[in-house]
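What follows is a single structure, written as structure tokens, with notes after it.
Values in this document were obtained by computation on a predicted structure and should not be read as measured data.
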Amino acid sequence: MTLHAHEQTLDDELTAERTHLDTSRAALRRMRERAEALFATGDKVAGDAYTAEQLGRHMARRVAELADDPTTPLFFGRLDFGAADPDHAGRDYHVGRRHVTDEAGEPLVLDWRAPISRSFYRASARDPQGVAVRRRFGFSTGALTSFEDEHLDRGEELGTASRILTAEIERPRVGPMRDIVATIQPEQDELVRADLADSICVQGAPGTGKTAVGLHRAAYLLYLHRERLRRSGVLIVGPNRAFLSYIAAVLPALGEVEVAQATVEDLIARVPVRAVDDPAVATLKHDIRMAEVLRRAVDRHIGAPTEPIMVSDGSFRWRIGVDPLHRVVEETRGEGLPYATGRERVLARVVGLLQRQSEARRAESPSDAWLRRMGRAKPVSAFLDAVWPALSPEGLVHSLLGDPEALAAAADGLLTADEQALLRAGTKLGRTPKATRWTTADAVLIDEAAGLIERPAGFGHVVVDEAQDLSPMQCRAIARRSEHGSITLLGDLAQGTAPWAATDWRVSLAHLGKPDALVVPLSIGFRVPAAVVAFANRLLPALAVDVPAAESLRRDGALDVRTVDDLVAATVAEVRAALGHDGSVGVIAADDAVDRLRAALAADGVQTATADEVETAARVTVVPATLVKGLEYDHVVVVEPAAIVAAEPRGLHRLYVVLTRAVSRLSVLHTEPLPEPLG
């Protein structure tokens, strides 16, 4: 009888929670309808065109922020506060992805970023923070199916033994990356809620959620500093377009729709990239010494006055001697301004000297038209072009790499003669900058030159993922865009595959202009099964990086390493078997094998997608090893590890990346012997 009554109570509670979910969804729909109505009538209530435009933008953004996905739970937890918290005693709050209120303005769902919601992630049996009961909800395609309570005031705490938490972490995935608001762990929450002023570097082993931490930190900062960051902007920098496509849905799912996403190549795209450097040449162009070479090249364009200026305004002739002109140039040089701003300052100061002479003779200030005419006078413009000539970033790099004497002067003591010769021989310049077929590394140099000549716009916060592969010069490109803001740097030194990959986060942080940023290791994984992590960890001693080995809390999953006779046939059979399970399947191989594998799968009737096709019905993705960084699949089939290793100088690092993409099952198929560390 007692058991039956208990079951009845649980059923009643589940029904009540489902009713609350329906009520909350209806309230969110009303909030969106109100926003849509205001958007439709905004031009009628605004007093002028500018106000109407601003209101229209605000309401369009608000409509997008209030979008609801019926397959995604609107809330995932509940906090019941006990008598220990005088402010909230006896109250309960549902915690979800966004704030939802009823008609009277009372909260039906609290945003996960709200101060009260912090207790959902931080409260424990040892430190209940006033919470009597923490409830987690289980969902299936948006429908509430179960709940689970922890009576923290009685010392009950499930932690990672939580059935619902485990099911959410291990839930099979197909398509883009999801948010992790329901599963954020205390150590992750601490990073997510760090102050805007703080720059943080997260050294995250595979499966520790470092990407999610960075994205959720961006969402949290936008919640806390909305107007400030709306003006200055938030930027997410990823390693490639496939990765950005994969993470693109996370922030909109949290109601944040105005975050810029770009690769480093997107940020520095001042010139079209139409050529490829030899690896040795590219590595040299990405070297930090090139920043000083370019600075010297710019500085060498500043000259010294050699004769006075004589200017006539039709009534009088004005003269500025060499000494005051020299002072103008040196004072401006000493101010450390961007080169183009310095040129404007020199012109303004020369015109100011002429203005003072005119005021002394005429006892009145000259007109603005007179000042503009003096600024355009031939003697003044000739002087300006002689001592501070106009420069373009493309023109500067073109002239530097195309003139052996200019390069030798700028690189003296920095680059050896052989390195200078390599730069000149390895760069195929056209007759003009516009006619030159620039490379990606040239674009980095041009962006550095642009930073010396102009002042680029910056962002209030920048999140940089897979940062271990940034070169020093790429770090500087990002630093110019976050000079007055903070950064969240995410990466794993063990996954560095670029020729210039970082081996010490402190060095990278110095290049990023944030030398004092906190470096926080995340080594406990929640996504990649322990058997897979242990297999990949065999590579760590050979990778020459000092990082803590990944550990996994997942004791499920499967690892299958097999020698096969026919790689293509074995891959097709393995994919067929994998499709018998739920979730996504990723086939990862050396780049030159991808087309052959896709063709074989297509011939067998298996529909496949490429890495950048995240919005597709295909459950199977065939990915070149060089593009798989940051992605993950439920079942991964790795084809011929030896070929992946042999394809590039840091092939073992690449293989470490490849082996850690699986979140349920990993199959490794090979005909050649496995690389020695895996033997």
Side-chain angles (χ1 to χ4, degrees), residues 231-232 267-268 270-271 291-313 316-360 365-400 406 410 432-434 445-459 476-477 479-485 513:
R231 289 193 299 271
S232 59
L267 289 180
I268 62 175
R270 295 181 63 99
V271 294
E292 178 61 14
V293 171
L294 286 163
R295 190 201 64 77
R296 289 182 184 178
V298 169
D299 198 53
R300 287 185 71 250
H301 283 81
I302 300 175
T306 56
E307 54 187 45
I309 293 177
M310 304 289 291
V311 188
S312 170
D313 65 1
F316 299 96
R317 288 175 63 82
W318 313 104
R319 181 182 184 277
I320 305 176
V322 172
D323 286 345
L325 290 174
H326 186 76
R327 282 196 296 275
V328 164
V329 172
E330 289 308 307
E331 283 174 12
T332 305
R333 185 201 289 266
E335 289 168 351
L337 301 165
Y339 183 88
T341 306
R343 177 177 160 90
E344 294 169 3
R345 186 71 55 87
V346 169
L347 176 60
R349 284 174 169 161
V350 168
V351 172
L353 291 174
L354 295 171
Q355 178 183 359
R356 285 198 286 278
Q357 290 187 37
S358 174
E359 289 170 344
S365 295
S367 67
D368 290 343
W370 185 91
L371 295 173
R372 286 195 296 272
R373 195 163 75 249
M374 290 298 97
R376 292 194 300 267
K378 262 191 177 176
V380 172
S381 58
F383 161 78
L384 190 62
D385 288 342
V387 301
W388 212 290
L391 287 180
S392 73
E394 301 86 345
L396 178 77
V397 174
H398 186 272
S399 62
L400 177 70
T432 64
K434 198 166 186 179
L445 298 181
I446 290 169
D447 191 75
E448 179 74 27
L452 294 165
I453 295 169
E454 307 155 4
R455 193 181 297 279
F459 289 84
R476 288 178 59 84
R480 284 188 287 278
R481 290 157 176 87
S482 59
E483 183 179 358
H484 302 294

Side chain proximity check, Pro305 to His326, heavy atoms < 4.5 angstrom: yes

Rounded to the nearest 0.5 Å, what separates atom CZ in Arg480 from atom CG in Leu267? 10.5 Å

If you take all heavy atoms of Gly303 and Val329, which pair is closest and at what distance? O-CG1, 3.7 Å

Which pair of non-hydrogen atoms, one from Ile268 and one from Ala477, has the smallest distance, and what is that distance? CG2-CB, 3.9 Å

By side-chain hydrogen bond (donor to acceptor under 3.5 Å, both in side chains) - contacts of Arg270 (at least two apart): Glu454

Is it true that Asp447 and Arg476 make a salt bridge, defined as a side-chain N closer than 4.0 Å to a carboxylate O? no

So, taking the atom named NE2 in His398 and the one named OG1 in Thr432, what distance separates them when rounded to the nearest 0.5 Å? 6.0 Å

Between CZ on residue Arg455 and CG on residue Leu337, distance to nearest 0.5 Å: 7.0 Å

Pairwise distance CG(Leu294) to CG(Leu452) - rounded to 0.5 angstrom: 6.5 Å

Report the C-alpha distance between Glu359 and Arg356 in whole Å, list the side-chain angles of each, state the deciding distance to 0.1 Å, and finish with yes or no for salt bridge (charged side-chain N to carboxylate O under 4.0 Å, His left out). CA-CA 5 Å; Glu359 289 170 344; Arg356 285 198 286 278; over 6 Å; no

Pairwise distance OH(Tyr339) to CD1(Ile302) - rounded to 0.5 angstrom: 6.0 Å

His301 side, atom NE2; Ser399 side, atom OG - distance, nearest 0.5 Å: 5.0 Å

Measure across Met374 and Ser312 and return the closest heavy-atom pair with its distance rounded to 0.1 Å. CE-O, 4.1 Å

Under the side chain to side chain contact (heavy atoms under 4.5 Å, CB included) rule, what do Leu354 and Val380 come out as? Steps first, then yes or no, please. CA-CA 10 Å; Leu354 295 171; Val380 172; 4.2 Å; yes

Residue from Val346, Ile320, Val311 passing side chain to side chain contact (heavy atoms under 4.5 Å, CB included) with Phe383: Val346

Do you know which two heavy atoms are closest between Ala479 and Gly513, and how far apart they sit? CB-N, 4.3 Å

As a test of understanding, state which of Glu344, Arg345, Arg349 forms a side chain to side chain donor-acceptor pair (under 3.5 Å) with Thr332. Arg349

Could you check whether any side-chain N or O of Glu394 sits under 3.5 Å from a backbone N or O of Ile446, counting only pairs where one atom can act as donor and the other as acceptor? no

Where do Pro308 and Gly321 come nearest, in terms of heavy atoms and distance? CB-CA, 3.9 Å

Would you call Leu371 and Asp368 a side-chain contact if the rule is heavy atoms closer than 4.5 Å? yes

Ignoring hydrogens, what is the shortest heavy-atom contact between Trp370 and Gln355? Give both atom names and the distance. CZ3-CA, 4.0 Å

Checking Leu384, Leu391, Ile453 against Arg343 for side chain to side chain contact (heavy atoms under 4.5 Å, CB included), the one that qualifies is Leu384

